[in-house]
Amino acid sequence: MTESSLHIQCLIGIQCQDFTMLAADQTSTLSIIVMKNDVNKLHDLTSKQVLGIIGDSGDTMQLTQFICKNLMLYQMKNGYQLSTEAVVHFIRKNVMESLKSGTPCIVNMLVGGYDQLEGGQLYTLDFLASALRVPYGVHGFGGIICLGLLDRYHKSTMTETEGYDLIKTCVHQIHERLFINLPNFQVKLVNKDGIQTLPAITPATFAAQINF
């Protein structure tokens with residue numbers, strides 16, 4: 001797995017006062033061959049935290065399972081869940097240790113969560129173990145295409161419907177402008193009520209729209 005191969009996958013995330021929303025492509029490739037278009041790249045960590053992860057399927061699966069099982073164990077032993085910030089530090093520590101061991105996990109991630117006091121939270125992490133809290137975040141070539149749209153239209157006061165529409169706008173531009181075919185995007189919402197899976201965004205989503 002090389003750093004460059006991360007660019008052909010895509011993660012998009014936005015954080016607002018009352019929610020966080022993550023979207024990820026569902027394409028799995030092997031060299032120039034598309035293997036699947038229904039891969040799950042958004043994983044529920046706790047009842048109010050979601051991990052979006054892209055990279056080699058072996059690395060993503062191993063790291064995701066390790067994180068989920070350890071967070072579950074922590075909750076069983078202590079009776080409460082870690083905060084989103086603490087989860088991010090736990091993930092970052094493990095990515096850093098894999099780098100130091102000489103067998104790095106080449107993955108990029110977005111972690112979205114909701115806190116009763118702070119509202120929506122979004123963190124971006126990369127394979128070099130850097131982490132940053134952001135109002136919106138992206139990974140991959142598709143995400144780079146979306147940065148201008150997110151910078152212009154993202155507002156912390158957006159409603160969930162407005163946030164979903166902004167994600168749809170980003171995916172539409174990926175369909176129109178990216179040379180790589182990423183047809184299907186799964187979307188998850190985290191708010192005070194927990195985690196919700198929103199309708200997937202596919203080419204059929206825009207089929208009836210003449211002008212978007």
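Values in this document were obtained by computation on a predicted structure and should not be read as measured data.
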Fill in the blank from the handout: Rounding to 0.5 Å, atoms CG (Leu51) and CD1 (Ile67) come to a distance of 5.5 Å
Practice task
State whether the number of non-hydrogen atoms from other residues, nucleotides or ligands found under 6.0 Å of Glu118 atom CD is greater than 12.
Solution key: yes
Handout entry: Co-membership, hydrophobic cluster, residues Leu182 and Phe179, 4.5 Å side-chain
Key = yes
Exercise for the section: Indicate whether any N or O donor in one side chain lies under 3.5 Å from an N or O acceptor in the other, for Gln15 and Thr20. Expected result: no
Exercise for the section: Measure the spacing between CG of Leu110 and CD1 of Ile12 and express it to the nearest 0.5 Å. Expected result: 9.5 Å
Handout entry: Separation of His175 NE2 from Asn181 CG (nearest 0.5 Å)
Key = 7.5 Å
Exercise for the section: Check the side chains of Asn40 and Gln26 for a donor-acceptor pair under 3.5 angstrom, ignoring hydrogens and angles. Expected result: no
Fill in the blank from the handout: Note: Cys146 and Ile174 closest approach over all heavy atoms is SG-CD1, 3.7 Å
Practice task
Look at the side-chain heavy atoms of Ile, Leu, Val, Met, Phe, Trp and Tyr, link any pair under 4.5 Å apart, and say whether Leu45 and Tyr80 land in one connected group.
Solution key: yes
Fill in the blank from the handout: Interatomic distance, CE@Met61 vs CD1@Ile53, rounded to 0.5 Å, equals 11.0 Å
Problem - side chain to side chain contact (heavy atoms under 4.5 Å, CB included) assessment of Glu176 paired with His172 - result: CA-CA 6 Å; Glu176 289 287 317; His172 184 260; 3.7 Å; yes
Problem - Worked verdict on Thr157 versus Cys16 for side chain to side chain contact (heavy atoms under 4.5 Å, CB included) - result: CA-CA 6 Å; Thr157 56; Cys16 297; over 6 Å; no
Problem - Sub-4.5 Å side-chain heavy-atom contact between Phe206 and Ile201 - result: yes
Handout entry: Connected via hydrophobic side-chain network under 4.5 Å: Val107 and Ile91
Key = yes
Problem - Side-chain donor-acceptor pair present, Glu160, Asn191, cut-off under 3.5 Å - result: yes
Practice task
Report yes or no: do Thr202 and Asn184 form a side-chain donor-acceptor pair below 3.5 Å?
Solution key: no
Handout entry: Ile33 side chain reached by Met35 side chain, heavy atoms, under 4.5 Å
Key = yes
Exercise for the section: Examine distances only and state if a side-chain atom of Lys48 and a backbone atom of Lys192 form a donor-acceptor pair shorter than 3.5 Å. Expected result: yes
Exercise for the section: Consider only side-chain N and O atoms of Tyr114 and Asp18, and report whether a donor and an acceptor are under 3.5 Å apart. Expected result: no
Practice task
Compare all side-chain heavy atoms of Pro199 with those of Val187 and state whether any distance is below 4.5 angstrom.
Solution key: no
Practice task
Please check if Met72 and Val111 belong to a single hydrophobic cluster, counting links between Ile, Leu, Val, Met, Phe, Trp and Tyr side chain heavy atoms closer than 4.5 Å.
Solution key: no
Handout entry: Where Gly52 and Leu11 come nearest, the two heavy atoms and their spacing
Key = O-CD1, 3.3 Å
Handout entry: Spatial distance of atom OG (Ser57) from atom CG (Leu30) [nearest 0.5 Å]
Key = 9.0 Å
Practice task
Measure from the side-chain N and O atoms of Asn70 to the backbone N and O of Phe66, and report whether any donor-acceptor pair falls under 3.5 Å.
Solution key: yes
Handout entry: Close side-chain approach of Leu125 to Val88, heavy-atom, < 4.5 Å
Key = yes
Handout entry: Asp126 side-chain N/O to Ser130 backbone N/O, donor-acceptor pair under 3.5 Å
Key = yes
Practice task
For the pair Lys41 and Asp25, find out whether any cationic side-chain nitrogen is under 4.0 Å from an anionic carboxylate oxygen.
Solution key: yes
Problem - Side-chain (His139) to main-chain (Met109) donor-acceptor, under 3.5 angstrom - result: yes
Practice task
Work out which heavy atom in Leu6 is nearest to a heavy atom in Gly55; give both atom names and the distance.
Solution key: CD2-CA, 3.4 Å
Problem - Donor + acceptor pair across side chains of Ser47, Gln81 (<3.5 Å) - result: yes
Exercise for the section: Side-chain contact test, heavy atoms from C-beta onward, threshold under 4.5 Å: evaluate it for Tyr123 versus Leu132 and give yes or no. Expected result: no
Handout entry: Nearest-0.5 Å distance that lies between atom CD1 in Ile14 and atom OG in Ser156
Key = 11.0 Å
Problem - Nearest non-hydrogen partners of Val39 and Ser28, listed with the distance - result: CG2-CB, 3.5 Å
Practice task
Show the numbers, then the answer: is there a salt bridge (Lys or Arg N to Asp or Glu O under 4.0 Å) between Asp44 and Lys188?
Solution key: CA-CA 9 Å; Asp44 299 354; Lys188 287 199 174 186; 2.8 Å; yes
Handout entry: Test item: Arg92 side-chain N/O and Ala129 main-chain N/O as donor-acceptor pair under 3.5 Å
Key = yes
Handout entry: Phe90 ring center within less than 6.0 Å of Tyr74 ring center
Key = no
Completion exercise
Correct closest heavy-atom pair for Cys10 and Phe185 would be SG-CE2, 3.9 Å
Problem - Thr159-Thr161 side chain donor-acceptor pair, cut-off 3.5 Å - result: no
Problem - Side-chain heavy atoms of Leu198 within contact of Met21, under 4.5 Å - result: yes
Handout entry: Check: Val95 main-chain N/O paired with Ser98 side-chain donor or acceptor under 3.5 Å
Key = yes
Exercise for the section: Report yes if the side chains of Leu166 and Met158 come closer than 4.5 Å at any heavy-atom pair, otherwise no. Expected result: yes
Exercise for the section: With side chain to side chain contact (heavy atoms under 4.5 Å, CB included) as the test, would you mind laying out the steps for Leu178 and Phe141 before giving the verdict? Expected result: CA-CA 8 Å; Leu178 190 65; Phe141 285 141; 3.7 Å; yes
Problem - Test item: Gln49 side-chain N/O and Leu82 main-chain N/O as donor-acceptor pair under 3.5 Å - result: yes
Practice task
Give a yes or no answer on whether the side chain of Tyr136 reaches the backbone of Leu122 with a donor-acceptor pair at less than 3.5 Å.
Solution key: no
Exercise for the section: Would you confirm whether Asp115, through its side chain, and Thr84, through its main-chain N or O, come within 3.5 Å as a donor-acceptor pair? Expected result: no
Practice task
Kindly give the heavy-atom pair with the smallest separation between Val138 and Ile144, and that separation in Å.
Solution key: CG2-N, 4.3 Å
Exercise for the section: Give the cluster check for Ile145 versus Ile180: same hydrophobic cluster or not, with ILVMFWY residues linked at side-chain heavy-atom distances below 4.5 Å. Expected result: yes
Problem - Side-chain donor or acceptor of His43 paired with backbone N/O of Val50 under 3.5 Å - result: no
